[in-house]
Amino acid sequence: MKIKYSELIDQTLYFPTEEFHTEENNLFFHDIPLMEVIEEFGTPLKISYLPKISQNINRAKTWFKEAFEKHDYQKKYTYCYCTKSSHFSFVLEEALKNRISIETSSAYDMDIVKSLYNKGKFGKSIEVICNGFKTDDYLDKISDLINDGFENIIPIIDNYRELDRLTESIDNTFDIGIRIASEEEPKFEFYTSRLGIGYKDIIPYYSQKIAEHPNARLKMLHFFINTGIKDTAYYWNELYKCLRVYARLKKIAPEVDSLNIGGGFPIKTSLNFDYDYQYMVDEIVSQIKKFCEEEGVEEPNIYTEFGSFTVGESGANLYQVISQKQQNDREKWNMIDSSFMTTLPDTWAISRHFIMLPINRWDDTYERVFLGGLTCDSDDYYNSEQHTNAIYLPVFSDTKPLYIGFFNTGAYQESISGYGGVHHCLMPQPRHILIDKDEDGNFIYEIFREKQEPEDVLKLLGY
Ligand SMILES: Cc1ncc(COP(=O)(O)O)c(C=O)c1O
């Protein structure tokens with residue numbers, strides 16, 4: 001007896017889910033009738049479902065609110081949106097409907113802050129956490145905003161030079177944070193993150209450079225664990241080490257009142273995703289509370305900077321399977337009408353999985369396939385689902401078109417793939433020159449293209 005694709009899903013996964021269901025063998029995502037969307041707009045297609053952004057922000061706020069109540073936590077929780085996960089104007093504007101702060105990572109991010117302010121999306125009291133390694137351009141833009149009366153711009157000091165530069169260019173008092181350079185998981189090729197200042201150096205740095213500073217006030221300690229917020233010994237150990245620094249700092253610097261635990265909430269990459277957000281938030285809040293009580297220091301305000309969690313689950317990529325190539329008895333390649341490398345670069349660069357489902361033909365029988373992209377690069381393929389180690393799709397047919405979707409793709413994919421000319425963390429494309437030789441053998445230089453300017457980048461992002 002042949003089994004239908006819908007039966008395979010029933011047997012192997014929890015389905016329907018809160019975001020997926022089928023009607024008449026077609027898939028719906030957040031109740032969006034995907035086949036109708038494809039009929040109207042064609043494929044390949046990128047979807048951004050904006051309400052999901054606000055929904056996730058409010059889910060996280062509720063988890064923290066409940067944990068604060070449960071543990072009688074007396075301080076404030078602040079949700080920051082980490083803009084580098086998606087800088088588009090429509091994402092920022094949706095996120096900003098929910099009383100959030102912003103976390104930036106590079107110079108051109110500050111032009112976005114300016115642009116949103118000019119559009120009236122917020123006033124000068126907007127809180128902006130300025131993270132990342134800071135170039136002179138980034139530092140100048142931070143200083144300009146502070147000098148211009150923005151009251152809550154908090155540069156997070158990543159290295160010693162930054163504070164010296166800010167001190168020279170800011171006219172009045174300003175708040176700062178310090179980023180702890182976390183120690184990486186043992187599987188990494190290096191031991192300590194290149195971002196931030198080492199655990200051991202923070203107290204001496206504070207005593208020598210900040211304690212007596214005429215203008216800078218240390219407000220925040222920041223730490224971010226690259227591998228995300230996970231219920232692992234490694235994560236809890238890093239949090240504990242960070243809390244030790246916080247308590248030591250608080251004892252000599254009473255003005256420090258905030259702990260920023262960075263981003264790293266996971267999102268669903270498989271239908272079997274199982275992560276207890278409320279438990280993790282409870283545990284983080286309770287550990288911070290307990291540690292501060294034991295140390296006899298006031299508990300800090302807690303900040304998070306969720307990127308993927310804010311915007312990841314709002315995105316989807318839809319493709320048509322345009323052909324099938326059978327390369328040997330066992331390997332069938334379904335060719336999509338686009339490329340994984342160029343539209344979902346994380347699938348290739350860091351072997352990331354996304355939820356992948358057919359959009360139509362759920363009542364047809366299925367087969368095991370590989371998915372191939374259209375570039376001629378042999379790495380442009382997608383080969384396994386997290387739950388099965390293989391890909392199953394309704395059987396290919398020349399006469400019945402098959403559409404597939406990759407879901408929860410809303411974070412990082414556009415900037416990493418260079419959407420319209422945008423780059424990761426808005427790094428500008430550098431000036432490009434051509435070098436030739438004249439008849440006498442002298443070099444001739446010609447500028448092919450100038451460095452990308454903030455206005456070029458902001459335009460691409462919808463500002
Ligand atoms: C300092 C900092 N905060 C927040 C984030 C966002 O992480 P995620 O998208 O996993 O939430 C990152 C990501 O690299 C980061 O470096």
Side-chain angles (χ1 to χ4, degrees), residues 52-53 56-57 59-61 63-64 77-88 91-92 95 100-107 109 127-134 138 142 154-159 162 176-185 188 190 192-197 220-232 234-235 238-239 242 258-269 273 275 277 280-281 284 302-315 344-346 349-350 352-354 408-416 423-427:
K52 186 65 187 159
I53 296 172
N56 269 8
I57 293 174
R59 285 167 75 206
K61 284 187 174 186
W63 295 320
F64 275 92
Y77 167 65
T78 301
Y79 188 107
C80 307
Y81 171 53
C82 162
T83 60
K84 66 169 161 275
S85 56
S86 178
H87 284 100
F88 287 112
V91 173
L92 264 297
I100 55 159
S101 299
I102 296 177
E103 186 239 354
T104 62
S105 47
S106 71
D109 252 325
E127 188 172 42
V128 184
I129 311 291
C130 304
N131 238 314
F133 182 96
K134 295 171 201 65
Y138 191 8
I142 293 170
I154 309 177
I156 303 293
I157 303 300
D158 175 84
N159 57 72
E162 292 179 355
I176 56 168
I178 301 182
R179 178 164 178 169
I180 298 182
S182 54
E183 271 146 32
E184 302 286 354
E185 260 186 310
F188 273 78
F190 42 86
T192 305
S193 165
R194 73 177 189 285
L195 299 153
I197 294 177
M220 179 179 286
L221 188 64
H222 179 286
F223 102 124
F224 171 61
I225 296 296
N226 199 14
T227 43
I229 298 182
K230 288 190 195 151
D231 191 11
T232 58
Y234 164 71
Y235 182 78
E238 287 303 302
L239 179 65
C242 167
S258 299
L259 180 68
N260 186 333
I261 60 169
F265 249 2
I267 59 169
K268 285 187 194 173
T269 51
F273 175 80
Y275 182 86
Y277 291 98
M280 284 303 286
V281 173
I284 290 170
I302 299 177
Y303 285 67
T304 58
E305 302 166 343
F306 297 136
S308 295
F309 179 79
T310 310
V311 72
E313 293 180 350
S314 68
L344 293 176
D346 278 353
I350 52 172
R352 167 146 303 178
H353 291 88
F354 293 99
N408 299 350
T409 59
Y412 299 106
Q413 302 315 295
E414 273 68 41
S415 52
I416 292 175
H423 302 288
H424 198 7
C425 285
L426 303 187
M427 288 301 114

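The shown structure was predicted, so the numbers you read here are calculated from the model rather than taken from an experiment. The first residue of the sequence shown is numbered 1, and numbering continues consecutively from there. In what follows, every heavy atom counts, from backbone to side chain, and hydrogens, waters and symmetry copies are set aside. Atoms within each ligand, like the ligands themselves, are counted from 1 in listed order.
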Pairs under 3.5 Å, nitrogen or oxygen of ligand 1 with protein nitrogen or oxygen:
from, atom 1, to, atom 2, distance (Å)
ligand 1, 3 (N), Glu305, OE1, 2.6
ligand 1, 9 (O), Ser308, N, 2.8
ligand 1, 9 (O), Ser308, OG, 3.2
ligand 1, 9 (O), Tyr412, OH, 2.5
ligand 1, 10 (O), Gly264, N, 3.3
ligand 1, 11 (O), Gly264, N, 2.8
ligand 1, 11 (O), Gly307, N, 2.9
ligand 1, 16 (O), Lys84, NZ, 3.3

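Not a single ring-ring contact (aromatic ring centres under 6.0 Å, His included) links Tyr235 to another residue, sequence neighbours left out. By the side-chain contact (heavy atoms from CB on, under 4.5 Å) test, Leu195 is found to be paired with Asp158, Arg179, Ser193, residues two or more places apart in sequence or in another chain being considered. In this structure, the side-chain contact (heavy atoms from CB on, under 4.5 Å) partners of Thr304, at least two apart in sequence or on a different chain, are Phe64, Tyr77, Tyr79, Ile261, Phe306.
Side-chain polar atoms of Glu103 and Asn260 form no donor-acceptor pair below 3.5 angstrom. No side-chain N or O of Glu162 forms a donor-acceptor pair with one of Tyr138 less than 3.5 Å apart.
Checked by atom type and distance alone, the side chain of Gln413 pairs as donor or acceptor with a backbone atom of Asp346 at under 3.5 Å.
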